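Notes follow once the structure below has been shown.
Counting starts at 1 for both ligands and their atoms, in listed order. Bear in mind the structure is a predicted one, so any value in this text is a computation, not a measurement.
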Amino acid sequence: MACEPSAGLPFDPASAPPSVPAGGAEPGNPTGVQGVSLPGPVSDGASQSAPAAGQGAVIHSPVRPDFFDDVGAEGTLRAAGSKRGILVGAAVGMQALMTDPHYRKLLAEQFSYVTPENRMKWGLVQPNPTTWSLGQADEIVAQAEAAGQRVKGHALVWHRELPWWVDEDTEPEVLRAALEAHVRKMVSHYRGRIHAWDVVNDAVDWTGAMRPSLLLDKLGPGYVADAFHWAHSEDPDALLIYNDYAMCWLNEKADGVLSMLTDLVNSGVPIHGVGFQMHVDVRNLPRPMKLQQNWQRFAALGLRINVSELDIPMAEEKEATIEQDLQLQKQAFRNVFRVCVETPACDSVTTWGVTDRYTWVTGFEGHDGPLLFTKDYEPKPAFYGAMQALVDEDTSEWYAWP
Ligand code: G3I
């Protein structure tokens, strides 16, 4: 079943101006939809803020009235994913969640899974050794529950975003006790409410060896297994995930992670899955067959596969037009979603953000938007690519992929 709209994509410049909902445009509102004033400027380290109130800001409705017709009966990523047994997730930025009603609406409508982008990181939740600051993380979890979404906790143990009070002068036993307290506190605080935790993040380097870090220096390689044991003892029902980047290719890093996870599994460490972050770009993406081949090595250990932080910016290619890049991006998202559909162990695809309005990806000139929805909350060709992968029954095209 095709999910491409027949009359041009809403973000396809060839069909500009964007299609107008029934009723037509009104003077001063060329989109023909209701303008909405938003609360003040947003700053969460994101590249763009929501329009400020009092500036005459008029923005598009997040989802056009005819949008659901375009994408067929399944309608939304979360519904289409559900039919495949796949959670479709998004990383959630706190500021956008609290200040941008369009963002909230799109997140709730389209996604079934939520990962706090930053607000569960150790440095933010424990601003000093005796103080916990979980209010914002609590808010994200509560809003997700209200929207019927599952939550992925991110990330308990990471060499980055350590609290300021942990440094090279910290005694190993003090660091170990603090890390254990942090893991236990987070997992017990959210016991029964977190579907899966990224327990350890980025512990392996490009060569496949354990990444040199304060954690490795002070605690030795055993900190990885310890963290999984601590988490499991606080919430035996939560899925526990090892999460890392740049290992979606069949490369040394993937081999190193596979070797580490094999040891963990064989030692009886409670680990249930592996997250492939996939911060890739349209010109640097593994071929579908290679990606699946790679994932199957991990699945053979009995691990679930998460695509945990997918974003696919269009990178810098001066010769390419925006139309070409958008189509390339559509194909790239379609491929990743399709490999997940075709791989029984793959249970979720999470994009690292909701709309191009708020993304950590900056610095590319021009064709940079890495996500499924535009800065104006419109579905991009990439959205239809993802939907196509989730909805289409005919896999012949999949087998024809390079
Ligand atoms: O908290 C301050 C805020 O007070 C201040 O107003 C703002 C000004 O820029 O900065 C805020 O902190 C920033 C934070 O994002 C919130 O926006 C940090 O400086 C910035 O370093 C932080 O970046 C995050 C980065 O992880 C480091 O934690 C990105 O948003 C987030 O997308 C990124 O996510 C990581 C995953 O956790 C792990 N995998 C890679 C992925 C991408 O780098």
### Query
Can Arg283 and Asp325 be said to form a salt bridge (Lys or Arg N to Asp or Glu O under 4.0 Å), step by step?
CA-CA 10 Å; Arg283 295 182 175 80; Asp325 271 359; 2.6 Å; yes
### Pick from Lys121, Glu309, Glu161: the one approaching atom 33 (C) of ligand 1 most closely through a non-hydrogen atom
Lys121
### Task
Would you mind listing every salt bridge (charged side-chain N to carboxylate O under 4.0 Å, His left out) that reaches into residues 255-266, with sequence neighbours excluded?
Asp255-Arg297
## Note on the structure
Residues pairing under side chain to side chain donor-acceptor pair (under 3.5 Å) where one sits in residues 265-279, two or more places apart or in two chains, turn out to be Asn201-Gln277, Asp202-Gln277, His279-Glu309, His279-Asp311
### Query
Any idea which atoms of ligand 1 are less than 4.0 Å away from a heavy-atom of Gln277?
39 (N), 40 (C)
### Message
Does the Lys NZ or Arg CZ of Lys380 fall within the cation-pi geometry relative to Phe333 - under 6.0 Å from the ring centre and within 45° of the axis?
### Response
no
### Query
For ligand 1, does Asn243 get within less than 4.0 Å through its side chain, its backbone, both, or neither, judged by non-hydrogen atoms?
neither
### Under 4.0 Å to a heavy atom of Arg160 - the qualifying atoms of ligand 1, by number
27 (C)
### Query
Where on Trp352 is there a heavy atom closer than 4.0 Å to ligand 1, on the side chain, on the backbone, on both, or on neither?
side chain
### Query
Taking the six-membered ring of Trp249, is the NZ or CZ of Lys290 close enough (under 6.0 Å from the centre) and on axis enough (within 45°)?
no
### Task
Please state whether His154 comes within less than 4.0 angstrom of ligand 1, counting heavy atoms only.
yes
### Task
Fit a plane to each ring of Trp122 and His182, take the angle between them on a 0 to 90° scale, and name the class: parallel (under 30°), tilted (30 to 60°) or perpendicular (over 60°).
parallel
### Task
Have a look at Asp347 and tell me which of Lys152, Arg304, Arg84 forms a salt bridge (Lys or Arg N to Asp or Glu O under 4.0 Å) with it.
Arg304
### Task
Within a distance under 4.0 Å of any heavy atom of Asn201, pick out the atoms of ligand 1 and give their elements.
38 (C)
### Message
Geometry only, no angles: is Glu117 polar-contacting ligand 1 at N/O separations under 3.5 Å?
### Response
yes
### Query
Non-hydrogen atoms of Met94 versus ligand 1: any pair closer than 4.0 Å?
no
